[in-house]
Amino acid sequence: METSKIFPSVETPDEGHQNTFKNCDELLPTLPQSKGWWVDQLFQYQGFWIHSLGIRGSMLINDHFKPRPTDIIVATSPKCGTTWLRALLFSIINRASFDFNRHPLRKANPRELVPFFEGIIHKDGSTSFVDGIPSPRLLSTHLPYSLFPTRMTDDTSACRFVYICRDPKDVLVSKWHFANKLRPKGVPPLSLEEVFDLFCKGVSHYGSFWDHVLGYWKASLESPKKVLCLKYEDVKKEPLGCVRKVANFLGVPFTPEEENKEIVEEIVKLCSFENMSNQDVNKSDTRSQENPISNSDFFRKGEVGDWANHLSPQMSEILDQITEQKFQGTGFSFH
Ligand code: A3P
């Protein structure tokens, strides 16, 4: 397989990067492959189905990333609330810097404010972009926990991860809609039956949903100061409590003065689906040749339980059964 078909061209990477690129190019053709939902191919890499750019990003992070104790990694399996969590974390961390009425989130989509880690690790062919981000760095990832280097996961002072997951029935429905928006023109849409089958087998972007959750969940039990796991449903139900929990976890709790000024309420309002999906920057079609995903693609319904409008009773039963089996004895559940 020609690697030029897998990757877009990157401007002369530095020497260290070139070695990683070479290793990745050599590895890819040796990995099991499957058709992707919206990209051409997925590769089975260290137990997870990932597209080539994600694998290369993971290898570059392993080979070159220099973590800082202040780094915050926003981690998710796709469609679990990445956009929301990026917005919440950005506004929690930078709450003293901006007026809520003229906040950057009113002008930019959260993915512009919290860069995609495995994507920008090779921006312009070197780590200088990531190295140049001032602390505290906020980086967003879909990579499973086990794919990060031990210098990030084992060293308790290296960085922190905030993870959000969601009922897999809603994840599947959300991912199905997203995939069909992103499929190139002329390519027929994926049927729900087709994606249901792939999702249950773990053949979907960034691998088995359940294994992804378990990786972060177990890490949060072993290292509660390093990894915080949230559920989309909990944030919907109790957004104020969840925002306070995240701020405490990050070591920046809200002061009595901030509570009096209702800063937590401001953050929740700013980041709500209603507010964010109504910002011009998130309503317009921002698709371009370099960036085929539009900001508006990240906002659909933002509800808990929309699966009931799409999945058959049998599909929902099967997904619940897999969830129960996978999480049995782990202390994790979506109830
Ligand atoms: P639905 O397709 O169920 O509506 P991600 O950001 O990980 O790609 O996830 C996208 C999902 O989160 C979509 O779910 C989207 O509508 C929802 N979403 C986006 N912004 C949100 C927000 N501010 N609050 C709640 N849900 C949000």
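The residues of the chain are indexed from 1 along the displayed sequence. All ligand and atom numbering here is 1-based and tracks the order in the structure.
A donor-acceptor pair under 3.5 Å links the side-chain atoms of R183 to the main chain of W37, judged by distance alone. Between the K175 side chain and the H205 main chain, a donor and an acceptor come within less than 3.5 Å of each other.
A side-chain N or O of T20 and one of H64 form a donor-acceptor pair less than 3.5 Å apart.
The atoms of ligand 1 that sit less than 4.0 Å from any heavy atom of T82 are 5 (P), 6 (O), 7 (O). Close contacts of ligand 1 with K301, meaning ligand atoms under 4.0 Å from a residue heavy atom, involve 4 (O), 16 (O). Residue S272 approaches ligand 1 through these ligand atoms, each under 4.0 Å from one of its heavy atoms: 23 (N). Atoms of ligand 1 lying under 4.0 Å from any heavy atom of G302, numbered from 1 in the order shown and given with element: 1 (P), 4 (O), 16 (O), 26 (N). Each of the atoms 5 (P), 6 (O) of ligand 1 lies under 4.0 Å from some heavy atom of T83.
Between Y232 and ligand 1 there is a heavy-atom distance shorter than 4.0 Å.
Between R300 and D306, at least one side-chain N (NZ, or NE/NH1/NH2) sits under 4.0 Å from a carboxylate O, which counts as a salt bridge. For the pair R160 and D71, the salt-bridge criterion is not met [side-chain N within less than 4.0 Å of a carboxylate O].
Of the protein's non-hydrogen atoms, W84 CG, 3.5 Å is the one closest to atom 22 (C) of ligand 1. Looking only at heavy atoms of the protein, atom 9 (O) of ligand 1 is closest to K79 CA, 3.3 Å. With respect to atom 19 (C) of ligand 1, the closest heavy atom belonging to the protein is F298 O, 3.2 Å. Nearest protein heavy-atom neighbour of atom 21 (C) of ligand 1: F273 CD1, 3.7 Å.
A cation-pi arrangement, defined by a distance under 6.0 Å to the six-membered ring centre and an angle within 45 degrees of its axis, is present between R56 and F21. A cation-pi arrangement, defined by a distance under 6.0 Å to the six-membered ring centre and an angle within 45 degrees of its axis, is absent between K326 and W210.
Scanning R166, H177, E303 for the heavy atom closest to atom 3 (O) of ligand 1 points to R166. Here atom 1 (P) of ligand 1 lies nearest to S174 when heavy atoms of S174, A87, C271, G81 are compared.
The hydrophobic clustering, which links ILVMFWY residues whose side-chain heavy atoms are closer than 4.5 Å, places I293 and I50 together.
Taking the six-membered ring for Trp and the full ring otherwise, the centers of Y145 and F161 sit less than 6.0 Å from each other.
Remark: ligand 1 and F299 share no N or O pair separated by less than 3.5 Å (distance only, no angle test). Below 3.5 Å of separation, one finds an N or O of R300 facing an N or O of ligand 1.
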